[in-house]
Amino acid sequence: MADHRLPKIAIATGDPAGIGPEVSLKAALDPAVRALCRPIVVGDADAVRRHAAAAGIDAPLHVISDPREATFADGTVEVLAVPFAGSAELELGVNDAAYGRATLASAARAIAAARAGEVDAVVAAPHNQTSIAAAKIPFDGYPTLVARETGMNHHDVFLMLCFGDTRIVHCTLHVGVAQALTLITRERVGRAIRAADAALRRIGIVRPRLCVSGLNPHAGEGGLFGREEIEIIKPAIEAAAALGIQVTGPFGADTMFHMQGVDAFVVMLHDQGHVAAKLLARNATAALTIGSPILFASVAHGSAHDIAGQGIANPSAMIDAVLRLSKAKPPMGSIERIKAGGRPPAE
């Protein structure tokens, strides 16, 4: 039996037609994970069984309808059931609106458990953007889902990619570049910096050191390549520094990641951060949602339809995400405020 003092981590299974259920199971059974937390897989039980059989995972599944029913018996995987219509006809490796709905339903159920204090954190397996779009559900990534499910403004929630000691926070995420340019304001850059500082303190870094990228080549080269650095990014950095945050920049995004002694890098655009992460840590990057009242993480890789059901999916990123959250501390009082109906505190 697992130590009852260990945190409970909900693992939402992601896209049922992809590798999500497989890497969720593998993470839940990993010895390092079970030494640090009590994992609960969240998703459709039939889909989880299908993936377990395909991957040759023969661990017993204990299917429950309430996290409080979990027993955490040795060698057993707890499965918090979130049934979806069509699971009996699940076809691996294809896109379908039903799979998009199932993806978000499992994540929403896990988030609800965290809000209720039934679990201490949530890790979500990869989603498939095409299936979610087919379901006609507004979605541009897990951070906006976390914001919606916790009653927050989606502008106050951000993504932090983590691998090794490197952490990258994104001011904008899954939007077109033209739209991203309109979103980069002093206020948004400032919120991203403050969220990064608060998240790092939550994981035990007493005085975080942050570096912020520019938007344009060479961080604008003193205005030669654009004025966003002068008129937007630098003032946001100065305002954050006035609050006591240790932050510098803006720096060219092509050279910034070589800097030493930095606890997190804040970038303006999706590709400024994701290209670096996927080059340096392919399939081994945890993606933390920061600025929210719950601890939530996902992974930076996709649903890998091409290898779904083959038993060869690498769970390293899922395991790393679970381990990171197992060691983190929830924000003081936030869950209690949500239970009482109050708005979560801004980070």
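Reckoned from all heavy atoms, side chains included, excluding hydrogens, waters and symmetry mates.
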(message) Using the rule that Ile, Leu, Val, Met, Phe, Trp and Tyr join whenever any side-chain heavy atoms are under 4.5 Å apart, tell me whether V23 and V48 fall into a single cluster.
(response) no
(message) Using 0.5 Å steps for rounding, measure from the CD1 atom of I64 to the OG1 atom of T71.
(response) 8.0 Å
(request) Establish whether I11 and F84 are linked, either directly or via other cluster members, by ILVMFWY side-chain heavy-atom contacts under 4.5 Å. (result) no
(message) Between the side chains of R34 and D30, is the shortest nitrogen-to-carboxylate-oxygen separation below 4.0 Å, so that they form an ion pair?
(response) no
(request) For L215 and E228, work out which heavy atoms get closest and say how close. (result) CD2-CG, 3.7 Å
(request) Quick one: which residue pairs count as a side chain to side chain donor-acceptor pair (under 3.5 Å) with a foot in residues 250-261, not counting sequence neighbours? (result) none
(request) Describe, in one word, how the ring planes of H170 and H270 are oriented to each other, choosing from parallel (under 30°), tilted (30 to 60°) and perpendicular (over 60°). (result) tilted
(message) With a sphere of 6.0 Å drawn around CD of E238, does it hold more than 12 non-hydrogen atoms of other residues, nucleotides or ligands?
(response) yes
(message) Quick test of your reading of the model: are R191 and D156 salt-bridged, counting only N-O distances below 4.0 Å?
(response) yes
(message) Looking at T248 and C211, would you say the former's side chain and the latter's main chain have a donor-acceptor pair under 3.5 Å?
(response) no
(message) Under 4.0 Å between a side-chain nitrogen and a carboxylate oxygen: does that hold for K26 and E22?
(response) yes
(message) Once rounded to the nearest 0.5 Å, what's the spacing between atom CD1 of I40 and atom CD1 of I9?
(response) 9.5 Å
(message) Can a donor-acceptor pair be found, under 3.5 Å and without considering hydrogens, that links the side chain of Y99 to the backbone of E91?
(response) yes
(request) Evaluate whether atom CG of D66 has more than 12 neighbouring non-hydrogen atoms of other residues, nucleotides or ligands under 6.0 angstrom away. (result) yes
(request) Quick one: pull up NE2 in H274 and CG in L173 and give me the separation to the nearest 0.5 Å. (result) 5.5 Å
(message) Does S131 form a side-chain hydrogen bond (donor to acceptor under 3.5 Å, both in side chains) with N95? I'd like the steps, not just the answer.
(response) CA-CA 5 Å; S131 291; N95 297 117; 3.3 Å; yes
(message) For the NZ atom of K234 and the CZ atom of R186, what is their distance to the nearest 0.5 Å?
(response) 12.5 Å
(request) Run the salt-bridge test on R50 and D46 with the 4.0 Å N-O cut-off and return the result as yes or no. (result) no
